[in-house]
Amino acid sequence: MSEPEQTEIQEEQNRVEWITDIIKKKFTKLKKHTDKIESEALHIRSTFWEDVTVNFDEPDDVGETYTSIKQQAELLSERERSQTQIDKQIKTFTRLKNSPYFGRIDFHEDGERRAESIYVGIASFMDEKDEEFLIYDWRAPISSLYYDYPPGPAEYQTSVEKVTGNIDLKRQFVIRDAKIKAMFDTGVTIGDEMLQEVLGNHADTQMKSIVATIQKEQNQIIRNDHSKLLIVKGVAGSGKTSAAMQRIAYLLYRYRNIIKSENIMLFSPNPMFNSYVATVLPELGEENMQQATFQEYLLSRMGRALELEDIFSQMEYLLSNSNDKDYFVRLESIRFKSSLKYKDLIDSYAEGLMEAGLIFRDIRFRKEVLFSQEQLYEYFYSLDRTISIPNRIQLVKEWLRLELKKIAKQEQKKEWVEEEIQFLNKEEFLDAYKQLQEKKQFNEDTFDDLEREQKVLSRMLVNKRMKPLFNAVKRLKFVDMRAIYTQLFEMAHPSVELPSSWKNISTMTVKELQERRIRYEDATPYLYLQDLIEGRKSNTSIRHVFIDEAQDYTPFQYAFIRQLFPYSKLTLLGDPNQAVYSGPTDSETVLAEDALGIVEKEVITLSRTYRSTRQIVEFTRQLIEGGDSIEAFNRNGDKPHLTIQENKGQLHSSIVERINNWREEHKTIAVICRTEQESRKVFQAIGEKLSARLIEKGTIAYEKGISILPAYLAKGIEFDAVIIYDASAYQEEGERKLFYTACTRAMHELHLFSTEYPPFLNGVNRDTFIQ
């Protein structure tokens with residue numbers, strides 16, 4: 001290293017020490033302040049009622065008491081707010097003191113006499129007087145220069161103007177424990193040296209923030225403010241999900257007075273993924289957004305009315321039951337029910353229900369029919385036909401509520417009420433007594449008025465017994481949704497083009513519904529129809545919806561999600577080459593070009609992969625059509641291996657040996673199987689020998705060590721080393737994407753085991769792997 005270089009590193013190290021010294025001073029000052037506020041809040045809590053004037057004798061005294069309580073509560077609330085803000089600052093300082101920043105740009109703004117050094121980190125930090133920025137938050141407008149431009153002419157957009165100038169220097173740092181471990185001056189966006197340092201590390205059980213290594217194309221995703229619909233098509237390992245998480249952090253910063261974390265919704269692929277991304281936003285000083293799998297949403301809406309199949313069970317069926325006599329009917333059913341044609345069919349059916357055909361349930365009380373389904377039908381269709389179905393349903397609900405109130409009064413005089421009063425317990429009598437006291441109907445001395453007592457107890461008893469009925473009416477349980485959806489398959493649809501096996505699809509669907517079960521492909525259409533009848537369950541508080549692994553959502557599901565979040569911007573992230581759920585059925589997916597004919601959209605394509613070594617990428621890109629366009633980041637490693645064994649016994653022994661050789665070197669190792677069924681068998685055969693963990697659809701945490709799991713649950717997650725269990729089991733063309741997805745989970749090592757030569761390796765260059 002030359003003397004000038006050493007001098008520059010020393011100067012930068014001196015600055016790091018100067019900054020960390022200021023951070024420590026501010027930290028100490030804040031800590032004293034927080035101790036004082038904590039003490040004050042504790043004092044207010046402990047002396048709350050001592051400092052409140054309590055007097056209820058006169059109306060004026062009551063007002064004074066209320067004001068006194070309010071003042072004391074506001075004082076406590078203000079202290080607690082201050083405490084929360086200080087805690088947030090303390091967390092920021094804690095993160096900054098070890099690694100205050102990762103980048104520097106010297107920007108010479110047009111019209112200024114000299115360049116300004118801009119240091120970029122995960123949070124903003126000002127000098128001791130809070131006058132000048134010593135570190136700029138990576139999300140600040142000026143920080144975009146670091147991600148978008150090499151040295152030379154550059155510009156950035158503030159909220160009011162475009163600022164132009166020249167970048168004289170661009171520098172990157174790796175700082176650990178306040179020491180500069182590496183420093184690079186670079187002419188490209190983020191230097192390869194920086195990426196090599198980050199990507200060469202082991203896979204972790206939780207995704208890390210990538211703010212130090214955001215690429216220009218990822219920055220376009222993160223800072224996209226204008227698109228109502230942003231579609232990110234990225235190859236495996238291109239940083240789609242990482243960019244999405246940083247995008248959420250950016251939106252929370254950019255619109256901090258408008259958007260909070262609870263206004264953002266992320267639909268994730270499986271429960272384990274939720275824990276995998278859980279630390280990214282807190283690491284950046286933000287709270288986590290709302291997060292759920294689409295399955296969890298469906299379950300929350302469906303309740304216990306029907307037993308709902310999940311997407312993983314659907315996948316297991318498709319991969320394991322090709323000999324089933326109804327297999328091809330099910331394939332066609334999934335394909336059709338995923339499409340917008342099926343949505344059109346339901347829209348047409350719902351339109352017909354405006355005139356006739358709705359099905360209601362009897363409303364019963366004490367085994368007696370109060371309102372028959374025929375009465376409800378007659379009342380519904382007696383209402384003005386120009387009123388929408390949901391609005392007429394509301395009118396029926398209101399009518400029922402009033403009628404039930406009348407019935408409740410009549411019931412109070414019936415014999416059964418008098419009989420049941422005899423068996424009321426002490427608590428129920430006390431309840432009645434309290435009610436009477438509250439309503440001031442009589443005082444302690446008059447509770448021996450038997451007639452009045454009888455009336456109160458009768459009313460209380462009837463209200464209690466009829467409360468479930470009122471609740472059921474409120475929740476529209478008088479509408480028979482299961483029968484209405486079933487009816488769709490029992491009638492002719494002459495104006496709609498139906499699949500050739502519609503009759504068989506109908507028979508299969510009706511049978512499931514009669515047994516109170518619903519297939520995954522029916523769940524979204526069922527809820528969509530329910531919303532057309534009962535009224536939409538829109539969520540207007542959500543302003544941004546993120547859908548990860550969006551290639552696994554159908555056009556119908558996407559149309560439904562748009563309806564659920566009508567005022568939201570949407571960010572879809574996916575890879576058509578990893579459409580594992582639509583693979584076996586050849587269904588259309590949201591990421592298929594123009595699947596929905598949406599005009600207002602922006603598509604960003606990420607073709608460079610950072611996850612795997614160059615050798616793994618050169619192998620895996622040959623497995624799929626169009627793989628030539630996938631670019632490998634230049635990180636070297638071993639070529640993938642293929643080992644063919646004669647039987648499963650030898651296969652298991654070889655896998656155990658391979659993993660034992662990897663244990664010292666790799667923290668996360670995955671044995672990826674084709675199905676959950678196969679995963680269980682492998683776990684039984686070798687799990688104990690390896691101290692492995694079986695990952696199933698309900699697994700919620702991703703942990704270090706050895707995992708055995710089906711390919712479709714590995715989506716979105718990466719491992720240091722991957723073993724493909726019996727690569728020859730992937731036979732059908734529809735499973736090609738599943739096989740590709742499994743292979744692309746590997747960061748450093750990929751080893752395929754097989755009982756015969758894998759069909760998907762036919763046509764793969766033999767020089768790209770070792771057999």
Please find the pair of heavy atoms, one from [X] and one from [Y], that lie closest to each other, and give the distance.
X: S261; Y: N288; value: CB-O, 3.5 Å
X: L532; Y: A350; value: CD1-CB, 3.7 Å
X: I695; Y: L713; value: O-CD1, 4.0 Å

If you apply the rule side-chain contact (heavy atoms from CB on, under 4.5 Å), what do you find for L251 with H544, and how did you get there? CA-CA 9 Å; L251 291 170; H544 281 264; 3.6 Å; yes
Under 4.5 Å between any side-chain heavy atoms of [X] and [Y], yes or no?
X: F719; Y: M747; value: no
X: Q487; Y: Y349; value: yes
X: F336; Y: L345; value: yes
X: T768; Y: P640; value: no
X: M265; Y: M289; value: no
X: E332; Y: S500; value: yes
X: I264; Y: V545; value: no
X: L308; Y: L298; value: yes

For [Y], is there any backbone N or O sitting under 3.5 Å from a side-chain donor or acceptor partner on [X]?
X: H641; Y: K639; value: yes
X: Q645; Y: T755; value: no
X: S501; Y: N504; value: no
X: S612; Y: V617; value: no
X: Q246; Y: S242; value: yes
X: H751; Y: I659; value: no
X: E309; Y: Y520; value: yes
X: Q557; Y: T554; value: yes
X: T620; Y: I616; value: yes
X: S348; Y: D344; value: no

How about F760 and Y730: are their ring centroids closer than 6.0 Å?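 Centroid separation for F760 and Y730: 6.0 Å or greater.
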Would you say the ring centroid of Y553 lies under 6.0 angstrom from that of F294?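 Y553 vs F294: aromatic centres under 6.0 Å.
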Check this for me, if you would: do [X] and [Y] make a salt bridge, where the nitrogen-to-carboxylate-oxygen distance has to be below 4.0 angstrom?
X: K697; Y: D310; value: yes
X: E718; Y: R611; value: yes
X: R736; Y: E733; value: yes
X: R517; Y: E307; value: no
X: R674; Y: E735; value: yes

[atom1] of [X] to [atom2] of [Y]: how many Å apart, nearest 0.5 Å?
X: L318; Y: L331; atom1: CG; atom2: CG; result: 6.0 Å
X: Q514; Y: E512; atom1: CD; atom2: CD; result: 10.5 Å
X: I672; Y: D726; atom1: CD1; atom2: CG; result: 14.0 Å
X: R658; Y: L690; atom1: CZ; atom2: CG; result: 13.0 Å
X: I561; Y: I542; atom1: CD1; atom2: CD1; result: 12.5 Å
X: S300; Y: M302; atom1: OG; atom2: CE; result: 9.5 Å

Evaluate salt bridge (charged side-chain N to carboxylate O under 4.0 Å, His left out) for R680 paired with E696, printing each intermediate quantity in order. CA-CA 9 Å; R680 288 176 186 280; E696 299 173 281; 2.7 Å; yes
Is it true that atom [atom1] of [X] has more than 12 heavy atoms of other residues, nucleotides or ligands lying nearer than 6.0 Å?
X: E490; atom1: CD; answer: yes
X: F328; atom1: CZ; answer: no
X: E351; atom1: CD; answer: no
X: E515; atom1: CD; answer: yes
X: E732; atom1: CD; answer: no
X: K537; atom1: NZ; answer: yes

Intermediate values then yes/no, side-chain contact (heavy atoms from CB on, under 4.5 Å), F753 and S654: CA-CA 8 Å; F753 285 86; S654 298; 3.5 Å; yes
Just to verify, which of F565, F546, Y558 counts as forming a side chain to side chain contact (heavy atoms under 4.5 Å, CB included) with L570?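 Option passing the side chain to side chain contact (heavy atoms under 4.5 Å, CB included) with L570: Y558.
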Tell me, with the steps shown, if Y725 and H652 meet ring pair (Phe, Tyr, Trp, His ring centres under 6.0 Å). CA-CA 9 Å; Y725 179 83; H652 294 157; 5.7 Å; yes
Could you give me the CA-CA distance, side-chain angles and deciding distance for D522 and Y342, then say whether side-chain contact (heavy atoms from CB on, under 4.5 Å) is met? CA-CA 10 Å; D522 282 295; Y342 189 49; 4.2 Å; yes
Apply side-chain contact (heavy atoms from CB on, under 4.5 Å) to residues L750 and C743 and explain how you reach the verdict. CA-CA 7 Å; L750 174 63; C743 293; 4.0 Å; yes
Go through the steps for D326 and K511 under the test salt bridge (charged side-chain N to carboxylate O under 4.0 Å, His left out), then give the verdict. CA-CA 13 Å; D326 293 326; K511 183 175 181 290; over 6 Å; no
Can you tell me if [X] and [Y] form a side-chain donor-acceptor pair at under 3.5 Å?
X: R519; Y: T509; result: no
X: N224; Y: E602; result: yes
X: Q551; Y: E549; result: yes
X: Y528; Y: D347; result: yes

When the ring planes of F312 and Y712 are compared, do they come out parallel, tilted or perpendicular, using 30° and 60° as the limits?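 Parallel.
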What do the steps show when you test K240 against D548 for salt bridge (charged side-chain N to carboxylate O under 4.0 Å, His left out), and what is the final call? CA-CA 8 Å; K240 299 180 293 296; D548 203 3; over 6 Å; no
Go through the steps to decide whether R608 and S238 satisfy the test side chain to side chain donor-acceptor pair (under 3.5 Å), and finish with yes or no. CA-CA 6 Å; R608 198 179 195 205; S238 56; over 6 Å; no
When you measure from the centre of the six-membered ring of Y317, is the NZ or CZ of R330 closer than 6.0 Å and no more than 45° off the axis?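 Flagged: R330 positioned over aromatic ring of Y317.
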